[in-house]
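This report concerns only the one structure given below.
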There are 2 protein chains.
Amino acid sequence: MPRPSRIREKRESLLPVLADAFTELGYRRATTAALAERCGVQENILYRLWPDKKAMFVAAIEYVYDFSEQTWLRLLERRRGEGSAAQKLLAFEAEHHGEFGHYRIIFAGLSEADDPDVRETLRRVYARFHRFLLGQIVSHRQAAPAPQALPADLAAWAVIGLGTVSNIARELGALSDADRRRLIHTVGRQLLEGDSR
Amino acid sequence: MPRPSRIREKRESLLPVLADAFTELGYRRATTAALAERCGVQENILYRLWPDKKAMFVAAIEYVYDFSEQTWLRLLERRRGEGSAAQKLLAFEAEHHGEFGHYRIIFAGLSEADDPDVRETLRRVYARFHRFLLGQIVSHRQAAPAPQALPADLAAWAVIGLGTVSNIARELGALSDADRRRLIHTVGRQLLEGDSR
DNA sequence: CGATACTGTATGTGTTCGCTTACATTGTGC
DNA sequence: GCACAATGTAAGCGAACACATACAGTATCG
């Protein structure tokens with residue numbers, strides 16, 4: 001049994017590069033030639049790692065979400081004891097939301113969502129995102145109970161919407177950095193509390 | 001001066017067809033051949049009406065927003081005297097939000113936003129959308145003043161975010177129709193009032 | 001060693017795309 | 001009715017694309 005396969009490791013080492021490429025170029029302009037060049041390999045090597053370009057795209061979407069979630073989890077480990085986890089996340093995102101531009105790969109995915117595989121991948125990613133946020137909101141509210149006009153599951157979706165519109169505004173230059181911070185902070189807090197205070 | 005030009009009329013008559021095509025197919029799959037076939041003309045006729053495919057896309061985006069805004073204005077004229085205009089819009093959108101699928105052309109645009117023309121068009125469209133919503137929120141709050149924790153301009157952006165996440169959920173099948181209605185209704189009202197009640 | 005599967009390089013290939021060109025037909029103002 | 005621009009039809013063109021093939025080098029095992 002000569003030369004054990006390094007396919008798995010190779011896939012993992014190239015995924016960040018693919019994710020960056022799709023993020024910067026979108027799906028259409030991220031040609032297989034461009035992907036291969038950025039990876040420093042020939043095209044057919046990519047085709048030995050994934051069956052087709054769509055599979056590379058789908059893998060990149062999942063990688064990007066994993067990356068984001070790990071960033072948040074690391075943040076929560078680092079910073080302890082200054083408010084609830086949800087508040088820390090909100091403060092962090094008000095500062096840094098979208099600065100990696102990774103939301104662009106989601107936009108690219110949404111415009112390819114007529115494809116069943118892409119749609120299913122996005123559905124799973126959004127479901128995970130929602131579950132994560134829901135957990136944060138619920139534990140925040142348990143720590144500081146209040147009259148809750150806004151159910152936590154809806155609040156979690158609304159937070160996703162808030163992040164999305166913030167990303168859109170960033171992409172289009174429709175809001176200044178300061179206004180985007182204000183938007184995330186103010187609306188985020190109201191959604192988090194489910195009430196105004 | 002023989003045969004006056006009907007270019008302007010032709011453009012206007014084909015715009016809805018182009019908008020539908022881009023909406024259904026996205027930018028990439030809406031090939032010029034497909035656009036021409038749906039319009040019932042040859043490709044080069046499209047090229048006599050617009051300089052290139054991108055211009056057709058940009059015109060379609062603007063048409064879609066005009067169409068939506070006119071729908072809302074007609075709604076406000078039709079239904080009188082049952083709550084504020086903003087409340088009527090909210091109730092209407094909770095029922096019908098996104099059912100034309102026109103949001104898809106916005107997704108397509110966002111994934112082509114690295115192009116300056118596309119980005120500028122989207123920026124203008126979002127600015128008009130924000131201005132429209134802001135006007136509705138302000139006049140609603142004037143009619144029924146309340147302690148406002150949430151500034152109206154931020155509320156307007158948040159409403160756009162709410163609509164966007166609702167569209168995403170529709171596209172991906174991530175929420176049932178009933179849950180989407182509940183989301184728009186509950187969060188929408190809270191954003192509109194800038195407070196809970 | 002030496003067989004063998006893994007890894008990399010170079011070069012097609014059929015198709016599709018955005019866009020163009022050539023040319024025939026039509027309708028209007030003088 | 002005739003000049004002439006507007007309108008339509010048909011064909012094609014270079015480039016780019018996703019993906020494939022052919023083959024040389026290489027590391028690992030018995």
Side-chain angles (χ1 to χ4, degrees), chain A residues 1-15 17-19 21-22 24-61 105 108-109 111-112 114-118 121, chain B residues 1-15 17-61 105 108-109 111-112 114-118 121:
Chain A
M1 215 174 281
R3 269 199 106 165
S5 169
R6 302 256 163 249
I7 283 191
R8 193 181 306 254
E9 295 88 323
K10 191 93 191 172
R11 255 199 286 259
E12 280 178 22
S13 78
L14 294 188
L15 255 183
V17 186
L18 289 184
F22 281 118
E24 282 176 40
L25 303 171
Y27 187 78
R28 206 169 57 95
R29 286 174 50 220
T31 64
T32 52
L35 295 175
E37 193 192 341
R38 280 163 172 255
C39 289
V41 299
Q42 297 276 19
E43 290 187 52
N44 71 337
I45 293 198
L46 295 181
Y47 282 94
R48 287 214 272 259
L49 302 175
W50 292 278
D52 53 25
K53 181 182 166 181
K54 199 177 70 185
M56 304 174 206
F57 184 56
V58 161
I61 290 176
I105 204 175
S111 79
E112 305 288 330
D114 45 82
D115 180 282
D117 294 337
V118 173
T121 301
Chain B
M1 217 173 282
R3 270 197 105 163
S5 169
R6 302 255 165 251
I7 282 191
R8 194 181 306 254
E9 295 88 324
K10 190 93 190 172
R11 253 199 287 259
E12 280 178 21
S13 79
L14 293 187
L15 255 183
V17 186
L18 289 185
D20 283 349
F22 281 118
T23 288
E24 282 176 41
L25 303 172
Y27 188 78
R28 204 169 57 95
R29 287 175 50 221
T31 64
T32 52
L35 295 176
E37 193 191 341
R38 280 163 174 256
C39 289
V41 299
Q42 298 275 17
E43 290 187 53
N44 70 339
I45 294 198
L46 295 181
Y47 282 93
R48 286 214 271 258
L49 301 175
W50 292 277
D52 52 25
K53 181 182 166 182
K54 198 176 70 185
M56 305 174 205
F57 184 55
V58 161
I61 290 176
I105 203 176
S111 79
E112 305 288 329
D114 45 83
D115 180 281
D117 293 337
V118 173
T121 301

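Small disclaimer: the values here were computed from a predicted structure and weren't measured. Proteins get letters first, then strands, A, B, ... in listed order; numbering begins at 1 in each.
Here Arg11(A) pairs with nothing under the salt bridge (Lys or Arg N to Asp or Glu O under 4.0 Å) rule; sequence neighbours left out. Scored by the side chain to side chain donor-acceptor pair (under 3.5 Å) test, Asp114(A) finds Arg29(B) as partners (sequence neighbours excluded).
For residues 36-46 of chain B, every residue pair satisfying the salt bridge (Lys or Arg N to Asp or Glu O under 4.0 Å) rule, not counting sequence neighbours, is listed here: Glu24(B)-Arg38(B).
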Nucleotide N/O of nucleotides 21-23 of chain C paired with protein N/O under 3.5 Å:
{"residue": "dT21(C)", "atom": "O4", "partner": "Asn44(B)", "partner atom": "ND2", "Å": "3.1"}

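The side chain of Arg6(A) approaches dT7(C) more closely than any other nucleotide in the set dT7(D), dT7(C), dG8(C). Considering only side-chain atoms of Tyr47(A), the nucleotide from dA18(D), dC19(C), dG8(C) that sits closest is dA18(D).
For the atom pair CG of Leu18(B) and CD1 of Ile61(B), the computed distance is 12.0 Å after rounding to the nearest 0.5 Å.
Distance, Leu14(B) CG to dG8(D) C1': 13 Å, rounded to whole Å. Put simply, CZ on Phe57(B) is 13 Å from P on dG18(C), counting in whole angstrom units. What separates CG of Leu46(B) from P of dA6(D) is a distance of 18 Å, to the nearest Å. The interatomic distance linking Arg11(B) (CZ) with dT7(D) (P) rounds to 11 Å, in whole Å. Rounded to whole Å, atom P of dG25(D) lies 16 Å from atom CD1 of Ile45(A). Atom pair Glu37(B):CD and dT9(D):C1' shows a separation of 15 Å (rounding to whole Å applied). Separating the CD atom of Gln42(A) from the P atom of dA22(D) is a distance of 17 Å, rounded to the nearest angstrom. Per the geometry, CG belonging to Leu35(A) stands 13 Å off C1' belonging to dC19(D), to the nearest Å.
Residues Tyr47(A) and Thr32(A) form a side-chain contact, since some pair of their non-hydrogen atoms from C-beta on lies under 4.5 Å apart. Looking at heavy atoms from C-beta onward, Leu14(B) lies in side-chain contact with Leu46(B) at the 4.5 angstrom threshold.
Considering all non-hydrogen atoms of both residues, Ile105(B) and Ala19(B) come closest at CD1-O, 4.2 Å. In terms of heavy atoms, Val17(B) sits closest to Cys39(B) at CG1-SG, 3.8 Å.
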Original post:
Using a cut-off of 4.0 Å between protein heavy atoms and nucleotide atoms, how would you tag nucleotides 12-17 of chain D 5' to 3' with B, S and -?
Top reply: -----S
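Distances shown here put every side-chain N or O of Lys54(B) at or beyond 4.0 Å from the OP1 or OP2 atom of dC19(C).
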When the side chains of residues 48-56 of chain B are checked against the rest of the protein, which donor-acceptor pairs come out under 3.5 Å, sequence neighbours left out?
{"residue": "Asp52(B)", "atom": "OD1", "partner": "Lys54(B)", "partner atom": "N", "Å": "3.4"}
{"residue": "Asp52(B)", "atom": "OD1", "partner": "Ala55(B)", "partner atom": "N", "Å": "3.0"}
{"residue": "Lys53(B)", "atom": "NZ", "partner": "Tyr27(B)", "partner atom": "O", "Å": "2.8"}
{"residue": "Lys53(B)", "atom": "NZ", "partner": "Ala30(B)", "partner atom": "O", "Å": "3.1"}
{"residue": "Lys54(B)", "atom": "NZ", "partner": "Asp115(B)", "partner atom": "OD1", "Å": "3.4"}
{"residue": "Lys54(B)", "atom": "NZ", "partner": "Asp115(B)", "partner atom": "OD2", "Å": "3.0"}
{"residue": "Lys54(B)", "atom": "NZ", "partner": "Asp117(B)", "partner atom": "OD2", "Å": "3.0"}

